[in-house]
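Here is how names work: the chains are called A, B, and so on, in the same order as the sequence lines, proteins then strands, and each is numbered from 1. What's counted below: heavy atoms across the whole structure, side chains too, no hydrogens, waters or symmetry copies.
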Amino acid sequence: MPQGTRCNRAPAGDGGGGNGGSLPPPSSGDPDPNHDSIDGTDIMTAPIMRLNTIGKLQDLLELGRFDSPKMEWLRKSASADQIFDLYNFIREEQESEEAKAFGKEAIDAFMNGGEVDIKARLINNPNLHDFLKNRMSPNELALFENLSIIQKTAYLRAAAEAYTYAEIFYPQPVRNRKGDAVKHTLWNALSTNYIGASLTKQLTDAHEEIPYDYPNHYKETNMDLFNNSKGRELATQYGNFIFQLIEEALENGDLRYLSNLEWSQTTNSWLATNSSQLISTDA
Amino acid sequence: MKNFKLFLYVLISIILFTCCSKKDTAKLKITDFSKTQTVVLQPYKFFPYTMINIKVKGYVNDTIKIIQGPDLYDINLSGDLDTIRKIEYYGEGPRTFIFDPYKATQGELEIEFQL
């Protein structure tokens, strides 16, 4: 499982020194950690580099005043790894809106004691777990209550990670579209990795057991069940590199979404119609 | 007529949405069964919404309706009630619910809506 951020590197291209590349943070054995030049070339020392990067994150992510909760956390509690890895990720993603949204959600998760795997783009915010539990279907909740504490946490973690990933990196609203396909596939793949395919199937099948809201709702259920199954299959076959495998499956047309959707003012989303069919994601 | 109803529904939704503060839950306590009541719920960004919970507790002497809008089925309930209805929802945007006394004239109900 991903455990927080992993790399220990300074912001790419922002450390001064004129080489335009990444700089390692000054080592603790440095005789004068606050020196600001080597061979006549200015470089930033660790505290300055940290403060500088926090300032850049403040601007990029629009974190508000210096004393806003997120800024307080960055200044007082965040590790150098967390700050530099987040900043580097956003830069590497060309400061896209998705990367910025990911950055903000990542900070929220860190503030709540959660974990962020930047490489896999997974955010586990434990603050959301109770919220997710409260929104299970009755049968899903009954099954969930019989799980061990570790299994419960892992199942909720998979849901939180998949949801956040799909909502950030795919056009909204995702319902019935490719982002929805990715969400269900990733949810089941991660859950399979955490608690096994059998339990995951029971729980996620039960999740779909709610009364239908409109005549073609059953088509949404068929889509969800197909992509859930694909997620479990990918995790069972390959185990690791789930994020890359699912993106690949999406491009290869191995996932399914619904055609001929109709915009609903009631739900602010695209709903299935009489002519909607499950089509492959390369269509 | 159908288009007019849809227009009216959207108009009410917009007015209520723009005048009310952001909230993803609401509670109605109903003792007056002579009028409808409307709630508008607004999701927070990137919250992992998967279902709307509608918790209904109390009693009514005949059928009431919770109207979700023109595209979705109404929820019809009657008698002694202590139930939770689950509705698929993924944080797509604001949602409006209208409590309609329909055939009920007496009773006491608490309805809690949670995105």
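No more than 12 heavy atoms of other residues, nucleotides or ligands lie within 6.0 Å of CD in Glu62(A), so this atom counts as exposed by the packing criterion. Counting heavy atoms of neighbouring residues, nucleotides and ligands inside a 6.0 Å radius, atom OH of Tyr102(B) does not exceed 12 of them. Applying the 6.0 Å contact sphere to NZ of Lys201(A) captures no more than 12 heavy atoms from other residues, nucleotides or ligands. Taking a 6.0 Å sphere around CD of Gln277(A), one finds it holds 12 or fewer heavy atoms contributed by other residues, nucleotides or ligands.
Only the side chain of Asp224(A) comes within contact range of chain B, judged by heavy atoms closer than 4.5 Å. Neither the backbone nor the side chain of Glu262(A) comes within contact range of chain B; no heavy atoms are under 4.5 Å apart. Proximity to chain B (any heavy atom under 4.5 Å) is restricted, for Lys183(A), to the side chain, taken from C-beta onward. In this structure, the portions of Glu167(A) lying under 4.5 Å from any heavy atom of chain B include both its backbone and its side chain. Using a 4.5 Å cut-off between heavy atoms, His207(A) touches chain B through backbone and side chain atoms alike.
Nearest heavy atoms, Ile87(B) versus Ile210(A): C-CD1, 4.4 Å. For the residue pair Pro211(A) and Lys86(B), the shortest heavy atom distance occurs at CD-O, 4.1 Å. Closest of all the heavy-atom pairs between Thr266(A) and Pro70(B) is OG1-CD, 3.2 Å.
Distance OG1/Thr96(B) to CD/Gln265(A): 10.5 Å, rounded to 0.5 Å. Residue Asn125(A) holds its CG atom at 8.0 Å from CZ of Phe47(B), rounded to the nearest 0.5 Å. Here the straight-line distance linking atom CD of Glu88(B) with atom OH of Tyr212(A) works out to 9.0 Å at 0.5 Å rounding.
Within the 4.5 Å cutoff, the side chain of Met51(B) has no heavy atoms near those of the Met136(A) side chain. Taking 4.5 Å as the limit, every side-chain heavy atom of Pro48(B) sits out of range of all side-chain heavy atoms of Thr164(A). Side-chain contact between Gln172(A) and Phe46(B) is present, with heavy atoms from C-beta onward closer than 4.5 Å.
The greatest number of non-hydrogen atom pairs below 4.5 Å with chain B, out of Asp108(A), Asp180(A), Thr267(A), Ile168(A), is found for Thr267(A). Looking only at heavy-atom pairs under 4.5 Å with chain B, the residue among Asn127(A), Val174(A), Asn134(A) that has the most is Asn134(A). Among Ser264(A), Ala159(A), Ala160(A), Pro173(A), the residue making the largest number of heavy-atom pairs under 4.5 Å with chain B is Ser264(A).
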side-chain contact (heavy atoms from CB on, under 4.5 Å) between Leu271(A) and Asp71(B), worked out: CA-CA 9 Å; Leu271(A) 296 182; Asp71(B) 300 334; 4.3 Å; yes
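Checked against the 6.0 Å centroid threshold, Phe131(A) and Tyr49(B) count as a close aromatic pair. Ring centroid separation for the pair Tyr214(A) and Tyr73(B) does not come in under the 6.0 Å cut-off.
None of Ile52(B), Asn53(B), Leu115(B) except one satisfies the side-chain contact (heavy atoms from CB on, under 4.5 Å) rule with Arg135(A); the exception is Asn53(B).
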